[in-house]
Amino acid sequence: MDFDFTDDQESLRDAVRKWVDKGYSFERRRAITGAGGFDKAAWGEIAELGLCGLYISEADGGMGFGPVEGMVAMEELGRGIVLEPFAQALIAGGVISGYAPAEVKSAWLPKIASGESLVVLAYQERGARYKLDVCKTSAARSGNGWALTGAKTVVPAGDKADGFIVPATVDGKIAMFLVERGAPGVTTSGYGTQDGSRAAELALAQSPASLITADGLVALEHAVDIGIAAVCAEAVGVMDKTLAITAEYMNTRKQFNVVISSFQALRHRMADMKMQLELARSMSYYASLKLNAPAAERSRALARAKYQLGMSMRFIGQQAVQLHGGIGVTDEYIVSHYFKKLTQLEMTFGDTLHQLGRVSGQMQETAGVFA
Amino acid sequence: MDLAFTPEEQKFREDIRAWVREHLPADISHKVHNALHLSRDDMQRWARILGKKGWLGHGWPKEFGGPGWNAIQKHLFEEECALAGAPRVVPFGPVMVAPVIMAFGSPEQQQRFLPGIASGEVWWSQGYSEPGSGSDLASLKTRAEKKSIAGKGDVYIVNGQKTWTTLGQYGDWMFNLVRTSTEGKPQTGISFLVLDMKSPGVTVRPIKLLDGECEVNEVFFDNVEVPAENLIGEENKGWTYAKHLLSHERTNIADVNRAKRELERLKRIAKSEGVYDDMRFRDEIAKLEVDVVALEMLVLRVLSAEKSGKNSLDIAGLLKIRGSEIQQRYSELMMLAAGPSSLPLIREAMEAGWQGDFPGPAFAAPLASTYFNMRKTTIYGGSNEVQRNIVSQFVLG
C-alpha cells in the first residue's frame with residue numbers, strides 16, 4: 001500500500017505541466033474554441049510528449065506504461081482544461097492493445113502512439129443515454145470483412161478523427177469494430193460542445209470495418225472504465241486549479257473594505273470545496289489503481305469513483321462560480337470555463353445518478369476499499 | 001503506487017486476525033456487533049487481555065514496552081479489532097496521556113504511570129473542556145496554585161471545574177489542563193497536571209445525555225492538593241503538550257474501520273426490514289458506501305505518507321469532519337431502516353440476554369439511542385465548524 005509517485009512519474013508530470021503552462025495558454029485555448037474546438041497542432045504537441053502511446057507497448061511504438069501514468073498525464077491536462085480529447089488516446093491504446101487481433105494492432109497502434117492517427121470511441125446512440133448494451137448499429141459480413149450500418153452521437157472530435165472504435169450488433173450480440181473515417185459510407189457532421197471542445201454525429205452506411213473483438217460488450221465496458229479513470233484524473237486537475245483560482249480571487253477581491261477571504265461563511269464554503277477535492281483525488285487514485293482488476297471488481301470501483309467525482313465536480317464548479325460573484329458568470333473570466341469543463345466531465349461516461357445506480361446495483365455484503 | 005498491502009503486511013493482518021479471534025470474548029463482540037450496552041467490566045476485560053499481550057498501547061514504541069509498529073501496522077491492528085467486534089480501546093490512558101508522559105514526563109513519572117496504563121489496570125480520564133470553554137479550549141479557568149505545605153512539600157492547590165469528561169465515573173486518574181498563570185496569551189499560562197481522582201475535594205457528577213445514558217461527567221475540584229511531582233514537563237508549557245497529544249493518532253479520529261463494520265450491519269438491517277430492495281432506500285446506502293470508500297482512501301493516503309515520509313498530508317481536519325458525518329449517517333440510516341420499531345424506548349432491551357418481548361425486531365432496540373448519541377461526533381474533538389476554520393486556513397491562509 002503506497003501512494004507515492006516514482007521519479008519517472010514525477011518527470012512525466014513535470015513535462016506535461018510545463019507544456020500546459022507554456023504551450024496551452026488560455027488565449028490559445030480560446031482561439032481553438034473559436035476555430036471549432038480541436039487543434040491538430042496541439043494534438044501533435046501532446047503526441048510529441050509521448051502521451052498518445054502511454055498504454056501502447058514499446059514493441060508497438062508506445063511507452064508501455066499503465067494507469068498511474070495515464071492518471072498523472074490526465075491530471076495535468078485537466079489543470080489547463082485542454083480541449084483535445086486525450087482520454088481517447090488512452091481508450092484506443094488500451095482497447096486495441098487488449099482486444100484486437102495482431103493485424104489491427106500493427107496497422108493502428110504505431111500511428112496512434114505517434115499521434116498520426118486520432119482514433120476515438122464512438123459508442124453512444126441517441127436515446128440510449130448512458131447504457132452500453134443498447135446498440136442499434138449493426139454489422140454484417142461483407143466479403144472477407146464486415147460492413148457497419150447505423151449512427152453514433154456526440155463522438156469526441158468525431159469529424160477530426162482518423163478512425164472510430166464502434167460497437168455494433170451481430171446476431172443480437174455486440175461486437176467491436178474499427179472504422180476508418182475515410183471509408184465508404186462514413187459521414188460526420190461536427191459541432192462545438194458546452195466546454196468549448198468538439199464532437200460530431202457519425203453515420204455509417206455499409207461502411208467497411210475491421211473486427212476488434214466479437215466479445216464487444218466486455219471490451220466496451222472496459223473501454224468506458226478506462227475513460228472513467230481518465231475523466232476522474234482529468235477532473236482532479238480541473239478542480240485543483242479551480243480551487244487555486246478561487247482562493248486567489250478571494251484573497252484579492254475586496255468588499256466592505258476587506259478581502260472576501262476574511263468572511264467565515266465563504267471560508268467554510270472553501271473548506272467544503274477542499275473536502276470534495278481531496279475525496280475526489282482519493283477516488284481518482286482508487287479508479288486508476290483498480291483499472292487492471294478483474295472486470296466485476298473494476299466495474300464496482302469505477303462506478304464508485306465516478307459517483308464521487310461527479311458529486312465533487314458539481315459542487316466545486318458551482319461554488320467556484322458563486323464565490324466569484326458576478327465575474328464568475330462572465331465568458332471573459334477563466335473560472336466559468338473551468339465550471340463548464342467540470343459540468344461536461346460529469347456527464348461524460350455516465351453522469352452521477354447513473355453511477356449511483358451502478359453502485360447500488362453492484363453492492364456487496366461487505367464494505368470498503370478492498371470489498 | 002499500489003493499493004495492495006505487501007505480503008508482510010498481509011501476513012501481519014492474518015496473525016492479528018487469528019489472535020483477535022482467539023482472545024476476544026464472544027459475549028463482548030456480540031454486544032459490540034449489536035450496539036448493546038457495554039459495562040465498565042466489559043471494557044476493562046478487553047483492555048486487560050490486550051494489556052497482557054502488550055497491545056493495549058499498540059501505538060507505543062518498543063522502548064516503552066510497546067510493539068513498535070509503523071503506521072500501517074497500527075491501522076491493520078485497529079481494523080482487525082474493529083471488524084471482529086472489539087470494543088474501542090478507551091483512549092485516554094494508552095492513546096492520549098501516555099504519549100505525553102513518554103515525550104515530556106520525567107523517567108520517574110514514566111516508571112510510575114506507564115505500566116498501569118499498559119496493563120489496563122488504571123483507568124484514565126481527560127480533563128480538558130470546561131463549562132466556559134468549548135471549542136475555545138485555551139480559555140480554560142481551572143486554577144492550580146503552587147504552595148509549600150509543611151510535611152507535604154510542594155503541592156498544587158486545584159480549584160475549578162471540568163466537564164464532558166467521558167466515562168469519568170470510572171476513572172482512577174485524570175490528566176488535566178490547568179491554569180498556572182494569567183499573564184500573556186491564554187495559551188502560555190496552561191500546565192499539564194495529573195491527579196488521583198480519589199483525592200479529597202474531587203467530585204464526579206455524571207451528566208445524563210439525550211439518549212438517557214451517562215457517558216460524560218462534570219468533575220469539580222475544591223481545594224484539591226496535588227503533589228508538585230505530578231506536573232508533567234514544565235509549568236506553563238501544557239498547551240504545547242496538549243497540541244502534541246492532539247496531533248497523535250490523527251487517522252484514528254476518522255474511525256473508518258468501525259464505519260465499515262457498521263455499514264455492513266446497516267445492510268443486514270435493511271435486508272431484514274425489506275428496504276434493501278427499495279431503490280429509494282438502497283441508493284442512500286450506496287451513497288454511504290461510496291462515502292466510506294472515499295474516507296478509507298483518504299486514510300490510506302495519510303498512512304502511506306506517514307510510512308514513506310515523502311508527502312506530508314495535513315488533512316486531519318478533513319478526516320475529522322468526514323468521519324464524524326459518516327458515523328452520524330449510518331446511525332441515522334439504521335434507525336430509518338427499522339422504522340417505527342426504533343421508537344419504543346425499553347432500556348432492558350439494550351442489555352445482552354434480555355428475554356422480554358420487544359415490539360419489533362430485537363436489533364431495533366438501541367438504534368434510536370445510538371442515533372441520538374452520535375450527534376456528539378460533529379461537536380467533540382473540535383467542532384466541525386472549528387475544523388472548517390482550520391481547513392480553510394490551509395487553502396486561503
Side-chain angles (χ1 to χ4, degrees), chain A residues 1-6 9 67-68 71 243-244 246-247 250-251 259 261-262 264 266-275 277-286 288-290 293 301 303-305 307-308 311-312 353 355-371, chain B residues 1-6 9 72 75 79 83 256-257 259-264 266-268 271 276 279 282-301 303-305 307-308 310-311 313 315 317-318 321-322 385 387-397:
Chain A
M1 207 271 305
D2 156 33
F3 295 101
D4 290 333
F5 295 99
T6 63
Q9 289 162 349
V68 177
M71 178 179 87
L243 247 72
T246 308
M250 288 172 69
N251 279 324
V259 288
S261 65
S262 61
Q264 194 181 39
L266 307 193
R267 297 182 71 83
H268 280 198
R269 192 79 49 82
M270 180 53 93
D272 291 339
M273 290 165 73
K274 173 71 172 166
M275 170 73 83
L277 171 62
E278 292 307 331
L279 293 174
R281 197 191 308 276
S282 301
M283 291 305 275
S284 169
Y285 287 3
Y286 179 63
S288 283
L289 293 172
K290 286 280 192 182
R304 290 166 171 176
Y307 174 75
Q308 175 64 59
M311 294 297 286
S312 295
L353 268 183
Q355 302 300 343
L356 179 62
R358 278 179 81 194
V359 175
S360 204
Q362 299 178 74
M363 213 149 52
Q364 311 281 301
E365 284 177 10
T366 49
V369 163
F370 301 99
Chain B
M1 270 210 175
D2 192 355
L3 196 52
F5 289 99
T6 64
E9 287 162 349
I72 308 273
H75 172 78
E79 180 169 25
L83 296 179
V256 70
N257 303 318
K260 283 162 69 173
R261 184 187 73 210
E262 295 301 304
L263 176 55
E264 291 177 7
L266 167 63
K267 291 176 185 173
R268 289 196 298 274
K271 277 179 189 166
Y276 194 72
M279 279 308 138
R282 171 107 154 226
D283 284 352
E284 296 303 317
I285 302 177
K287 289 179 195 170
L288 184 62
E289 170 134 305
V290 176
D291 287 346
V292 170
V293 171
L295 177 67
E296 189 176 10
M297 284 299 298
L298 204 54
V299 167
L300 293 175
R301 281 173 62 200
L303 293 175
S304 160
K307 184 166 89 164
S308 73
K310 253 185 167 176
N311 307 297
L313 274 174
I315 49 181
L318 297 181
I321 294 170
R322 202 63 185 154
E385 287 68 29
Q387 302 296 341
R388 284 186 175 86
N389 288 346
I390 296 168
V391 172
S392 68
Q393 190 75 30
F394 282 114
V395 186
L396 292 165

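Chain letters run A, B, ... following the sequence lines, proteins first and then strands; every chain starts at 1. The basis for the numbers below is simple: all heavy atoms, side chains too, and nothing from hydrogens, waters or symmetry mates.
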Pairs of heavy atoms under 4.5 Å with chain B: top-ranked of A/V259, A/L266, A/T246, A/D272: A/D272
For A/N251 and B/L396, which heavy atoms make the closest approach, and how far apart are they? ND2-O, 3.1 Å
Report which part of B/F394 has an atom under 4.5 Å of a heavy atom belonging to chain A: side chain, backbone, both, or neither. neither
Chain A shares the most heavy-atom pairs under 4.5 Å, among B/E296, B/R388, B/M1, B/M279, with B/M1
Could you measure the distance from the CD1 atom of B/I321 to the NZ atom of A/K274? Nearest 0.5 Å is fine. 12.0 Å
Region of A/V68 in contact with chain B, defined by heavy-atom distances below 4.5 Å: side chain
Closest-packed option against chain B by number of heavy-atom pairs under 4.5 Å, given A/A301, A/A271, A/A367, A/G368: A/A367
Distance from B/R261 atom CZ to B/L266 atom CG, nearest 0.5 Å? 13.5 Å
Counting only non-hydrogen atoms closer than 4.5 Å, does B/K260 touch chain A with its backbone (N, CA, C, O), its side chain (CB onward), both, or neither? both
Relative to chain A, which segment of B/Q387 carries a heavy atom at a distance below 4.5 Å: side chain, backbone, both, or neither? neither
One option among A/Q264, A/M275, A/Q308, A/K290 has the most heavy-atom pairs under 4.5 Å with chain B, and it is A/M275
Could you tell me which portion of A/Y286 (side chain, backbone, both or neither) has an atom closer than 4.5 angstrom to a non-hydrogen atom of chain B? both
For the residue pair B/R301 and A/F3, would you count it as a cation-pi contact if the rule is NZ or CZ under 6.0 angstrom from the ring centre and within 45 degrees of the ring axis? no
Got a donor-acceptor contact below 3.5 angstrom from the A/S360 side chain to the B/A286 backbone? no
Is the backbone of A/T366 close enough, under 3.5 Å, to the side chain of B/K267 for a donor and an acceptor to pair up by distance? yes
If you count heavy-atom pairs under 4.5 Å between each of B/A259, B/G397, B/A294 and chain A, which one has the most? B/A294
Can you say whether B/I390 sits under 4.5 Å from chain A via the side chain, the backbone, both, or neither, judging by heavy atoms? neither
Can you tell me how far OG of A/S282 sits from CD1 of B/I315, rounded to the nearest 0.5 angstrom? 6.5 Å
Interatomic distance, CG@B/L298 vs OH@A/Y285, rounded to 0.5 Å, equals 10.5 Å
Of the listed residues (B/E289, B/K271, B/K307, B/E385), which shares the most heavy-atom pairs with chain A below a 4.5 Å separation? B/E289
For A/P67 versus A/S288, what's the shortest heavy-atom pair and its separation? CB-O, 3.2 Å
Chain A contact via B/K287 - which portion, at a heavy-atom distance below 4.5 Å: both
When heavy-atom pairs shorter than 4.5 Å are enumerated against chain A, which of B/R322, B/R268, B/E9 gives the highest number? B/R322
Part of A/D2 lying under 4.5 Å from any heavy atom of chain B: both
Under-4.0 Å salt bridge between A/E278 and A/R281: yes
Nearest 0.5 Å, please: how far is CG in A/L289 from CE in A/M1? 11.0 Å
Counting C-beta onward and ignoring hydrogens, is there a side-chain heavy-atom pair between B/V290 and A/M283 closer than 4.5 Å? yes
For A/Q364, which atoms come within 4.5 Å of any heavy atom of chain B: side chain, backbone, both, or neither? backbone
Only pairs of heavy atoms separated by less than 4.5 Å count here; which of B/L318, B/I285, B/T6, B/N257 has the most with chain A? B/L318
Relative to chain B, which of A/M270, A/R304, A/R267 shows the most heavy atom pairs under 4.5 Å? A/R267
Nearest-0.5 Å distance, OG of residue A/S312 to CG of residue A/L279: 6.0 Å
Under 4.5 Å from a heavy atom of chain A, the part of B/N389 involved: both
Relative to chain B, which segment of A/M250 carries a heavy atom at a distance below 4.5 Å: side chain, backbone, both, or neither? side chain
Under 4.5 Å, counting heavy-atom pairs only, tell me which of B/V292, B/V395, B/L263, B/L295 racks up the most with chain A. B/V395
Only pairs of heavy atoms separated by less than 4.5 Å count here; which of A/A247, A/A303, A/A305, A/G357 has the most with chain B? A/A247
Taking the side chain as every heavy atom from C-beta outward, state whether A/L353 and A/Y307 have any pair of such atoms under 4.5 Å apart. no
With a 4.5 angstrom heavy-atom cut-off, which part of B/I72 approaches chain A: side chain, backbone, both or neither? side chain
